[in-house]
Amino acid sequence: MSGTTADPNERPVRPDRLPQWEALGEHREQLGGVSLRELFDADPSRATRYGVDVGDLHIDYSKHLITDETLELLRALAEVRDVAGLREAMFRGEKINATEDRAVLHTALRAPADAVVEVDGHNVVPDVHAVLEKMAGFADRVRSGAWTGHTGKRIRTVVNIGIGGSDLGPAMAYEVLKPYTARELGFRFVSNVDGADLHEAVRDLDPAETLFIIASKTFTTIETITNATAARRWLLAGLGGDDAAVAKHFVALSTNAEKVSGFGIDTDNMFGFWDWVGGRYSFDSAIGLSLMIAIGPARFREMLDGFQLVDEHFRTAPPEANAPLLMGLLGVWYGNFHDAQSHAVLPYSHYLSRFTAYLQQLDMESNGKSVDRQGEPVDWQTGPVVWGTPGTNGQHAYYQLLHQGTKLIPADFIGFAEPLAELGEFADQHDLLMANFFAQTQALAFGKTPDEVRAEGVAEELVPHKTFRGNHPTTTVLATSLTPSVLGQLVALYEHKVFVQGAIWDIDSFDQWGVELGKVLAKRIEPALSEGADVPGLDPSTTALVARYRELRGR
Ligand code: F6P
């Protein structure tokens, strides 16, 4: 399958040993400290040539430290790494998540009903659509008030309890699509095992009007099961202790029917999905039930269509016009050839306030790996630290470092031409928001030279302080407006970008073994905190801290 070797038994050539990798290193040296001012002077047409349109998204990558040659060399690397081959294997349902022996088929979650996607010879698309229909029926009943609680009252608040992919996706998408939600219903998202999270979520709620959605792929995650158990206690205490109330106030989203019924939730009230859906790729599965209740099944379908549109684009667009491929390769360019350590995602939409937090799991849990697919330590940088918050807030906080700090931080700016109609009298602030959006990418790219500063009459000793070096690369993603479809398009764009990078780096982007050690240790330490039990194998530093904790708690 790989273009890097003909014999499947032969170890593939490591990415950093490929001539294409070497060529990129040499090209990087040749470019040296070339500036974006020089690049634009040499070729003003890059302003329009370096753009790609996919669905409703216009992606401008002209403000990058690249030339046509850089792009050709990056595409050559993608070709020799056989990104396209791995992509096809993913779409076909092959078990490309080798360490867990699983297919990777989030793309099947948004496939049209007549598509055929087989896992072990079984077409999974009808299963996907059956769950979507069951979700739609339930969502409609909650939205209309036909679904009532134990005492006959209609549901007023939906509380999603989950963590990681079972929280971040629905919580983010609910915020993004808030203007499309049934405003008469309340939605809350509880994830943290810190009791404060659940306490704040339920303290002003009436149990008779509250629906809990317990979202957990495995249904074994300690935070979720602890919060779900506490929520059940709270509900039963509020409704007179009748166990029958659980059936009207708890539903489960999971792949694990046995654990769901073990918890006491009727599997009739369970919405299933499958092991080929990774947690961080799951909010377009049953995990999105809270979102579907919020925005309704038709809007949810629009969102899935947005995802699907970008899936098709990723699968069929030629490399030079393939947006996820380009974005993935640009990340490789900075991470591996400019030593960039982080990547900022800066949405200029308040509704996208949780978007970057969502991307942190998508990207960092996928590509935060240091062994390759063969288990050998990598000698090259893999996934970046992903961070960012909405503009313009960040401008008055950390943008100082972006403009004048010592680090190279590539950034994605995401903005929209139209404010949402719902903003009414406040919509006219939109031009000011977007003026900042455009101003920042210009300032980051082109800066302000010492001569330009002097021309403003600035005292010589202040000139270095008021100079902006520029040359900070950015991608601008511009769409008409923030619709459910556009959200699907954006998320799929980043999903496939992450995929491309994992393929280049030869890592398994779909496992997450790095989260396990902490879980095991926490389980061992907990009894020591409450009962003072000995924890075998605890290091001296942690032992001392545990002793101090017990002392502080008077134990
Ligand atoms: O611990 C990490 C993780 O497994 C994530 O990958 C996942 O999204 C999250 O925990 C929640 O898992 P679950 O949905 O099984 O509760």
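- Side-chain contact between I293 and I213: present, with at least one pair of heavy atoms (C-beta onward) separated by less than 4.5 Å.
- In this structure, Q361 contributes its side chain and G165 its backbone to a donor-acceptor pair below 3.5 Å.
- Looking only at distances, no side-chain donor or acceptor of D275 sits under 3.5 Å from a matching main-chain atom of R102.
- Side chain of R154 to backbone of R143: a donor-acceptor contact under 3.5 angstrom is found.
- In this structure, the side chains of Q489 and F307 stay at 4.5 Å or more apart for every pair of heavy atoms.
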Open item on the list: Please evaluate residues Y348 and T476 with respect to the criterion side-chain contact (heavy atoms from CB on, under 4.5 Å), reporting the C-alpha separation (whole Å), side-chain torsions for both, the decisive distance (0.1 Å), and the verdict.
Closed with: CA-CA 11 Å; Y348 276 63; T476 297; over 6 Å; no

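- Considering only heavy atoms from C-beta on, D242 stays 4.5 Å or farther from L236 through its side chain.
- Looking at W274 and V119, their side chains never come closer than 4.5 Å, going by heavy atoms from C-beta outward.
- A side-chain donor-acceptor contact under 3.5 Å links N436 to the backbone of L432.
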- [ ] Quick one: do I295 and Y174 satisfy side-chain contact (heavy atoms from CB on, under 4.5 Å)? Show the steps, please.
- [x] CA-CA 8 Å; I295 63 174; Y174 170 70; over 6 Å; no

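- For residues 186-197, every residue pair satisfying the side chain to side chain donor-acceptor pair (under 3.5 Å) rule, not counting sequence neighbours, is listed here: R188-D204.
- Nearest approach of S481 to V486, heavy atoms of both residues: O-CG2, 3.4 Å.
- Annotation: cation-pi geometry satisfied between K248 and W147 (NZ/CZ under 6.0 angstrom from ring centroid, within 45° of ring axis).
- Classified by interplanar angle (parallel below 30°, tilted 30° to 60°, perpendicular above 60°), the ring pair F138/F271 is tilted.
- Side chain of T181 to main chain of A294: no donor-acceptor pair is present (N/O by atom type, distance under 3.5 Å, no hydrogens or angles).
- The closest donor-acceptor contact from the side chain of K217 to the backbone of I287 lies at 3.5 Å or more, if one exists at all.
- F314 carries R87 over the face of its six-membered ring, with the cationic atom under 6.0 Å from the centre and within 45° of the normal.
- Inter-residue side-chain proximity for L359 and V498 is flagged as unmet; no heavy-atom pair is nearer than 4.5 Å.
- With a 6.0 Å radius and a threshold of 12 heavy atoms from other residues, nucleotides or ligands, H58 has its NE2 atom above the threshold.
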Task: Intermediate values then yes/no, salt bridge (charged side-chain N to carboxylate O under 4.0 Å, His left out), E365 and R280 - done: CA-CA 8 Å; E365 203 174 67; R280 53 194 175 273; 2.8 Å; yes

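- Distance alone, capped at 3.5 Å, places no donor-acceptor pair between the T542 side chain and the L538 backbone.
- At a threshold of 4.5 Å between non-hydrogen side-chain atoms, the residues F510 and T99 do not count as touching.
- Taking 4.0 Å as the cut-off between side-chain N and carboxylate O, E312 and R315 do not count as a salt-bridged pair.
- The ring-ring contact (aromatic ring centres under 6.0 Å, His included) with F283 is formed by just one residue from the set F189, F273, Y358; it is Y358.
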Open item on the list: Between I414 and L352, does the side-chain contact (heavy atoms from CB on, under 4.5 Å) criterion hold? Intermediate values first, please.
Closed with: CA-CA 9 Å; I414 304 172; L352 283 166; 4.2 Å; yes

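- Between F413 and Y399, the ring planes lie perpendicular to each other; the angle is over 60°, past the 30° to 60° tilted range.
- A donor-acceptor pair under 3.5 Å links the side-chain atoms of Q501 to the main chain of G328, judged by distance alone.
- In this structure, S485 and D305 have side chains that are not in contact, with every pair of non-hydrogen atoms separated by 4.5 Å or more.
- Listed for the S254 side chain is a donor-acceptor partner under 3.5 Å among the backbone atoms of N256.
- The environment of NZ in K134 is crowded: more than 12 heavy-atom neighbours from other residues, nucleotides or ligands sit within 6.0 Å.
- Taking the ring axis of Y351 as reference, the NZ or CZ atom of K178 does not stay both within 45° of it and closer than 6.0 Å to the ring centre.
- For the pair L57 and L490, the minimum side-chain heavy-atom distance is below 4.5 Å.
- D511 contributes no side-chain N or O that, together with a main-chain N or O of W513, makes up a donor-acceptor pair within less than 3.5 Å.
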